[in-house]
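Sequence lines set the chain letters: A, B, ... in the order given, protein chains first and strands last, and positions in each chain run from 1. Bear in mind that the values here come from a model prediction, so they are computed numbers and not experimental data.
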Protein chains: 2
Amino acid sequence: MLPEGRSRRSGDGRRDLTAIAISCFARYGYQGTSIDRIAREAGVTKGAIYHHFRSKEDLLAAAVMDRIGEFETRVQSACRAAAPDESLRRIAEVCAQHATSEDRPRFAIKLMVESIETNDPVVEEMRGMMRRFRAFLRNIIRAGQDGALFRADADADALAALFTSAVIGAETQFYLDPKRFSLEHTLETFVDQMLDNLRLAGAAQAREGGAIRD
Amino acid sequence: MLPEGRSRRSGDGRRDLTAIAISCFARYGYQGTSIDRIAREAGVTKGAIYHHFRSKEDLLAAAVMDRIGEFETRVQSACRAAAPDESLRRIAEVCAQHATSEDRPRFAIKLMVESIETNDPVVEEMRGMMRRFRAFLRNIIRAGQDGALFRADADADALAALFTSAVIGAETQFYLDPKRFSLEHTLETFVDQMLDNLRLAGAAQAREGGAIRD
DNA sequence: GGGAGCATACCGACCGTTTAGTATGCCGCG
DNA sequence: CGCGGCATACTAAACGGTCGGTATGCTCCC
């Protein structure tokens with residue numbers, strides 16, 4: 001972690017350690033990651049970590065806030081100025097892209113699941129993130145309903161909950177079985193199906209047309 | 001853990017310890033559960049655990065096999081002799097019921113996620129379970145297609161993958177936020193949507209009829 | 001320019017506690 | 001009596017965290 005000249009630089013220590021902690025937590029989870037492991041991977045000693053962070057929990061909090069911020073930026077950027085149906089597509093796409101990237105995609109699911117019943121501060125943050133994500137999706141669906149693109153009688157909240165479920169469930173299975181579980185295809189199927197369901201009368205024809213596309 | 005008469009009975013030790021380990025692993029995860037905790041909750045000492053199990057990993061293996069067996073029994077029982085559409089409904093229902101039961105429902109998701117990248121034997125078992133579950137669902141969908149109940153051009157594999165994703169994702173969110181995430185409603189919405197998609201021409205009318213049902 | 005003073009970033013040793021596992025002893029039952 | 005089912009005491013290593021000290025960077029003043 002030290003720069004090549006081996007002099008001590010100011011300012012990057014905390015950020016670099018957070019990045020390494022994110023990698024470790026994403027792979028081993030919080031309980032499975034020791035401070036010694038983080039220190040070792042950073043090429044420093046534990047003392048250096050405790051210089052920047054009050055505790056292991058403090059380090060976890062920094063990691064969680066970093067990942068939540070990145071996630072929300074990614075989702076918002078994906079559907080800027082797009083139509084509601086295109087927005088839903090793009091969100092599914094960026095989730096799939098991130099899940100297959102090198103940016104420690106497993107962090108959110110690992111820490112979310114691990115923290116259930118055992119780490120209330122993290123659960124609170126993750127819960128907030130998921131609520132915001134569902135609200136964001138619900139608002140997209142409602143915008144489509146307001147614009148007569150989607151049928152008005154669909155339950156936007158339930159569909160938003162379903163969208164987030166499909167994303168979490170598909171990512172989990174992909175991480176478990178990357179050779180045999182196709183994340184992108186599953187999410188694409190999901191969005192197709194949801195949009196079919198959301199579209200107005202005439203959907204049966206659209207579906208026949210869909211078959212021709214393949 | 002000892003019976004009231006305080007005599008030492010044979011045969012139940014291993015099974016009782018497995019049950020307590022399942023509870024602990026379901027709550028704290030594998031890394032977050034110490035042998036001492038399991039012993040304490042069982043009312044015995046570590047020595048008793050090591051009498052029955054060779055190692056902590058051995059105990060985990062017993063727990064995993066137990067839970068996988070129970071899950072598969074439950075799913076198969078749910079849809080015995082039912083039509084394909086009814087089968088899909090029932091499977092979603094029993095998953096929701098189990099997730100809200102006292103039978104340590106979080107075990108599978110906790111251990112599945114925790115083991116990704118860190119515990120290959122458990123990943124293998126969980127992967128096998130999920131593959132069997134998807135194959136089971138796929139076969140139900142195909143039976144519906146063969147019986148002309150479902151349209152023949154739907155991708156049964158993709159829909160099975162979507163079904164399992166919805167279940168995992170909805171359960172995860174429910175465990176994270178039981179007050180604000182409605183598991184049963186989400187899975188019901190999912191099954192409705194999937195069956196709408198799977199049904200043959202006339203689906204548009206069926207959907208109009210669906211709106212009237214509410 | 002250089003030295004003093006201070007702040008920051010880190011080090012290595014240490015602490016008390018906890019961990020998975022081991023060895024040995026004891027008790028009850030058939 | 002022997003064996004299964006435990007309990008107890010112990011081991012070495014690992015855990016999160018603390019502490020005194022060192023190295024370096026920066027600023028100010030003579």
Side-chain angles (χ1 to χ4, degrees), chain A residues 1-22 24-25 27-64 111 114-115 118-122, chain B residues 1-22 24-25 27-64 111 114-115 118-122:
Chain A
M1 188 171 105
L2 294 179
E4 200 54 55
R6 305 208 65 83
S7 65
R8 296 173 174 189
R9 302 287 301 279
S10 66
D12 288 354
R14 186 177 164 99
R15 196 187 62 190
D16 290 343
L17 288 173
T18 304
I20 287 158
I22 288 166
C24 291
F25 294 148
R27 170 167 285 185
Y28 306 107
Y30 177 68
Q31 287 279 356
T33 298
S34 62
I35 293 285
D36 251 331
R37 173 185 284 279
I38 295 166
R40 201 160 56 237
E41 300 204 11
V44 299
T45 65
K46 289 204 285 186
I49 295 179
Y50 285 99
H51 176 80
H52 291 280
F53 298 94
R54 281 176 288 117
S55 64
K56 189 180 180 186
E57 278 273 351
D58 191 31
L59 181 52
L60 175 61
V64 166
L111 270 295
E114 179 178 351
S115 303
T118 59
N119 189 326
D120 284 343
V122 174
Chain B
M1 187 171 105
L2 295 179
E4 201 54 50
R6 305 211 64 85
S7 65
R8 296 176 174 186
R9 304 284 302 278
S10 67
D12 287 355
R14 186 177 165 98
R15 197 186 61 190
D16 291 343
L17 288 174
T18 304
I20 287 157
I22 288 166
C24 292
F25 293 148
R27 171 168 285 186
Y28 307 108
Y30 177 68
Q31 288 280 355
T33 299
S34 63
I35 293 285
D36 252 332
R37 174 186 282 279
I38 295 166
R40 201 160 53 238
E41 299 203 14
V44 299
T45 65
K46 289 203 289 185
I49 294 179
Y50 285 100
H51 177 81
H52 292 279
F53 298 95
R54 281 176 285 114
S55 64
K56 190 179 177 186
E57 277 274 352
D58 191 31
L59 181 52
L60 175 61
V64 167
L111 269 296
E114 179 177 351
S115 303
T118 58
N119 190 325
D120 283 344
V122 174

### Task
Between A/Gly32 and A/Arg54, name the one whose nearest nucleotide on DNA chain D is closer to the 5' end.
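The answer here is A/Gly32.
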
### Task
Identify, between A/Arg40 and B/Gly47, the residue whose nearest nucleotide on DNA chain D lies closer to the 5' end.
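Of the two residues, B/Gly47 wins.
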
Atom pairs, protein N/O to nucleotides 11-13 of chain D N/O, distance under 3.5 Å:
none

Between atom [atom1] in [X] and atom [atom2] in [N], what is the gap in whole Å?
X       : N      : atom1 : atom2 : answer
A/Ile49 : C/dG12 : CD1   : P     : 14 Å
A/Arg37 : D/dG16 : CZ    : C1'   : 16 Å
A/Gln31 : C/dT19 : CD    : C1'   : 12 Å
B/Asp36 : C/dT18 : CG    : C1'   : 8 Å
A/Arg14 : C/dA9  : CZ    : C1'   : 14 Å
A/Tyr28 : D/dG16 : OH    : C1'   : 19 Å
A/Phe53 : D/dG16 : CZ    : C1'   : 15 Å
B/His52 : D/dC3  : NE2   : C1'   : 13 Å

### Task
Kindly calculate the angle separating the two end axes of the helix from C/dG1-D/dC30 to C/dG30-D/dC1, each obtained from five base pairs, and round it to 10 degrees.
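It works out to 10° between the end axes.
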
Set of side chain to side chain donor-acceptor pair (under 3.5 Å) partners for [X], sequence neighbours left out:
X       : result
B/Arg40 : none
A/Tyr50 : none
B/Asp58 : B/Arg54

### Query
Taking the side chain of A/Ile35 as heavy atoms from C-beta outward, which of D/dG16, D/dG5, C/dC11 is closest to it?
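Closest nucleotide to the A/Ile35 side chain: D/dG16.
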
### Query
Is any side-chain nitrogen or oxygen of A/Tyr50 closer than 4.0 Å to OP1 or OP2 of D/dT18?
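For D/dT18, neither OP1 nor OP2 has a side-chain N or O of A/Tyr50 closer than 4.0 Å.
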
### OP1 or OP2 of C/dC11 under 4.0 Å from side-chain N/O of A/His51
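Negative; the distance criterion is not met.
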
Looking only at non-hydrogen atoms, find the nearest pair between [X] and [Y] and report the distance.
X        : Y        : value
B/Val122 : B/Ser115 : CG1-OG, 3.2 Å
A/Ile38  : A/Ala21  : CD1-CB, 4.1 Å
B/Ala62  : B/Arg14  : CB-NH2, 4.1 Å

### Message
As an exercise, state the distance from CZ of B/Arg27 to CZ of B/Arg37, rounded to the nearest 0.5 Å.
### Response
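Answer rounded to 0.5 Å: 8.0 Å.
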
### Query
Taking atom CG of A/Leu60 and atom CD of A/Glu57, what is their separation to the nearest 0.5 Å?
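That separation rounds to 5.5 Å.
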
### Query
Contact class for B/Ser34 (heavy atom, under 4.0 Å): base, sugar-phosphate, or nothing?
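It contacts sugar-phosphate atoms only.
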
### Task
Could I get the full list of side-chain contact (heavy atoms from CB on, under 4.5 Å) partners for A/Ala61, not counting sequence neighbours?
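Not a single residue meets the side-chain contact (heavy atoms from CB on, under 4.5 Å) criterion with A/Ala61.
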
